[in-house]
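Computed from heavy atoms alone, side chains included, the values below leave out hydrogens, waters and symmetry copies. Everything numeric here is computed off the predicted structure, so don't read it as measured data. When a ligand or atom number is given, it counts from 1 through the structure's own listing order.
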Amino acid sequence: MAFEKFRLNGKTALITGASGLLGIQHAAALLECGANVILTDINDSALQSAEATLSHQFDAANILVKMMDVTDPDSIRSVYDDLVSDSIHVDVLVNNAAIDPKVKGEQGVLETSRLENFHLDQWNLQVAVGLTGAFLCSQVFGTAMARKRKGGVIVNIASDLSVFSPDQRLYRKEGLTEDMQPVKPITYSVIKAGLIGMTRYLATYWADKGVRCNALSPGGVFNGQSEEFVQRLSNLIPLGRMASREEYRSAIQFLCSDASSYLNGQNIVMDGGRSVL
Ligand SMILES: NC(=O)c1ccc[n+]([C@@H]2O[C@H](COP(=O)([O-])OP(=O)(O)OC[C@H]3O[C@@H](n4cnc5c(N)ncnc54)[C@H](O)[C@@H]3O)[C@@H](O)[C@H]2O)c1
């Protein structure tokens with residue numbers, strides 16, 4: 001059967017940052033394939049509303065919600081222990097949590113997104129969530145997958161900025177001097193490129209235990225950004241538009257299932273062709 005390998009019935013997938021814009025889409029993608037999903041996040045109310053939204057479309061019995069801070073080893077361990085005590089084994093881990101600082105730019109306010117002004121505490125926080133968090137979750141859930149010897153899948157959500165530098169012209173604001181112009185901060189590029197290194201490392205580390213690891217690098221998702229920004233970005237994309245939030249679902253289904261059983265250590269860049277220009 002053509003789509004048999006996409007089936008995830010009997011498998012459990014844990015998603016970090018699951019109540020955000022894309023996290024809920026990853027969950028829906030996996031539920032569509034028959035998986036049980038564990039939605040994890042630090043935002044309690046958003047988690048509850050993600051669960052409610054998904055329960056309208058899918059069997060609520062297949063959805064579990066857990067508060068989990070990916071920067072805190074104790075928080076991850078406590079979720080792991082809870083799952084073990086309920087005899088739940090995680091077959092698929094989606095490292096999706098990140099902080100995507102909104103690029104603003106205001107007259108008369110020091111522009112802290114710029115390299116010259118970027119605060120060390122912002123660097124530390126963003127790296128802790130986007131990069132260290134993926135390491136800590138992979139350490140706990142990947143180790144369990146390897147020990148179980150039933151195989152497993154880790155998918156790291158990177159970004160098209162894992163393969164090219166931000167085009168800072170996208171974020172320019174009229175009327176601001178050069179030193180006040182907002183930029184995509186350095187952390188985003190560093191974290192996403194780092195995730196690709198982690199993906200390659202993990203892909204070989206547990207390969208003999210049947211644990212695969214790949215990365216998905218999405219391009220920008222339309223989410224009500226200003227018309228000016230959307231136009232600027234669309235001009236850089238051969239397909240001439242941003243992605244819709246649902247457009248990565250099929251890639252998640254492919255990467256998390258046996259449909260990609262011979263894919264390991266790769267970075268799937270879904271960017272409307274931007275990176276090949
Ligand atoms: N939206 C896009 O255009 C886009 C494009 C490329 C890549 N991405 C990547 O996709 C992923 C999801 O992005 P999104 O747009 O859904 O972002 P989002 O901000 O909507 O969601 C991120 C989620 O991570 C959670 N989070 C933050 N800190 C956490 C922590 N310490 N522990 C656990 N969870 C934490 C937040 O509460 C939030 O729910 C990110 O890795 C992002 O970099 C997004």
Q: For Pro218, is at least one N or O under 3.5 Å away from an N or O on ligand 1?
A: no

Q: So, is Leu21 polar-close to ligand 1, with some N/O to N/O distance under 3.5 Å?
A: yes

Q: Looking at ligand 1, does Arg245 have a heavy atom less than 4.0 Å from it?
A: no

Q: For Gln122 and Gln126, does a side-chain donor sit closer than 3.5 Å to a side-chain acceptor?
A: yes

Q: For atom 24 (O) of ligand 1, what's the nearest protein heavy-atom neighbour? Residue, atom name and distance, please.
A: Gly17 CA, 3.4 Å

Q: For Gly20, take its heavy atoms, then give the atoms of ligand 1 lying under 4.0 Å from any of them.
A: 16 (O), 20 (O), 21 (O), 39 (O)

Q: Going by the closest heavy atom to atom 22 (C) of ligand 1, which one wins out of Ala98, Gly219, Gly220?
A: Ala98

Q: Considering the heavy atoms of Ile157, write down every atom of ligand 1 situated less than 4.0 Å from one of them.
A: 9 (C), 10 (O), 11 (C), 41 (O)

Q: Check whether any N or O atom of Asp41, backbone or side chain, sits under 3.5 Å from an N or O atom of ligand 1, and answer yes or no.
A: yes

Q: Quick one: does NZ or CZ of Lys192 land under 6.0 Å from the six-membered ring centre of Tyr188, within 45 degrees of the ring axis?
A: yes

Q: So for Asp100, does at least one of its heavy atoms come nearer than 4.0 angstrom to any atom of ligand 1?
A: no

Q: Which of the atoms in ligand 1, numbered in the order shown and given with their element, are less than 4.0 Å from a heavy-atom of Asp69?
A: 30 (C), 31 (N), 32 (N)

Q: Numbering the atoms of ligand 1 from 1, which are under 4.0 Å from a heavy atom of Thr71?
A: 31 (N)

Q: Return yes when atom CZ of Arg114 has more than 12 non-hydrogen atoms of other residues, nucleotides or ligands closer than 6.0 Å, and no otherwise.
A: yes

Q: So that I can tick it off, tell me whether Arg172 and Glu178 are bridged by a salt bridge, with the cut-off set at under 4.0 angstrom between side-chain N and carboxylate O.
A: yes

Q: Given 3.5 Å as the limit, does a donor-acceptor pair link the side chain of Ser260 with the main chain of Leu263, or not?
A: no

Q: Assess the side chains of Ser162 and Asn267: does a donor N or O sit below 3.5 Å from an acceptor N or O?
A: yes

Q: What do you reckon, does Val129 have a nitrogen or oxygen under 3.5 Å from a nitrogen or oxygen of ligand 1?
A: no

Q: Got an N/O contact under 3.5 Å between Ala97 and ligand 1?
A: no

Q: Among the heavy atoms of Thr16, does any lie under 4.0 Å from an atom of ligand 1?
A: no

Q: Around atom 32 (N) of ligand 1, find the nearest protein heavy atom and jot down its residue, atom name and distance.
A: Val70 N, 3.0 Å

Q: Nearest heavy atom to atom 9 (C) of ligand 1: which of Cys137, Ala158, Ser217, Ser159 does it belong to?
A: Ala158

Q: Could you find the nearest protein heavy atom to atom 44 (C) of ligand 1 and give me its residue, atom name and distance?
A: Leu22 CD1, 3.7 Å

Q: Quick one: do Ser138 and Asn95 satisfy side-chain hydrogen bond (donor to acceptor under 3.5 Å, both in side chains)? Show the steps, please.
A: CA-CA 8 Å; Ser138 301; Asn95 285 316; 3.1 Å; yes

Q: Is it the case that the side chains of Glu111 and Ser113 hold a donor-acceptor pair, with the cut-off being a distance below 3.5 Å and no angle test?
A: yes

Q: Under a 3.5 Å threshold, yes or no: a donor from one side chain and an acceptor from the other, between Asp160 and Ser275?
A: no

Q: Measuring from atom CD of Gln231 to atom CG of Leu236, what distance do you get when rounded to the nearest 0.5 angstrom?
A: 10.5 Å

Q: For Val70 versus Ile76, what's the shortest heavy-atom pair and its separation?
A: O-CD1, 3.5 Å

Q: For the residue pair Gln25 / Arg245, report whether a side-chain donor-acceptor contact shorter than 3.5 Å exists.
A: no

Q: Could you pull out the closest heavy-atom pair between Pro238 and Leu277, with the gap in Å?
A: CG-CG, 3.9 Å

Q: Say whether Met68 and ligand 1 are in contact under the criterion: heavy-atom distance to a ligand atom below 4.0 Å.
A: yes

Q: For ligand 1, is Ala128 a contact, meaning one of its heavy atoms is under 4.0 Å away?
A: no

Q: With rounding to the nearest 0.5 angstrom, report the CG to CG distance, Leu110 to Asn117.
A: 4.0 Å

Q: With atoms numbered from 1 as shown, which atoms in ligand 1 lie under 4.0 angstrom from a non-hydrogen atom of Lys192?
A: 40 (C), 41 (O), 42 (C), 43 (O)

Q: At what distance is the nearest protein heavy atom to atom 35 (C) of ligand 1, and which residue and atom is it?
A: Ile42 CG1, 3.7 Å

Q: Between ligand 1 and Ser19, can you find any atom pair, the residue atom being a heavy atom, that is separated by under 4.0 Å?
A: yes

Q: List ligand 1 atoms under 4.0 Å from Asn96, heavy atoms only on the residue side.
A: 10 (O), 11 (C), 12 (C), 40 (C), 41 (O)

Q: For atom 3 (O) of ligand 1, what is the closest protein heavy atom, and at what distance to 0.1 Å?
A: Val221 N, 2.9 Å

Q: If I compare all heavy atoms of Pro182 with all of Tyr171, which pair ends up nearest, and what's the gap?
A: CG-O, 3.3 Å

Q: Look up atom 1 (N) of ligand 1 and tell me if a protein heavy atom lies less than 4.0 Å from it?
A: yes

Q: Starting from atom 43 (O) of ligand 1, what is the nearest protein heavy atom, named by residue and atom, and what distance separates them?
A: Tyr188 OH, 2.7 Å

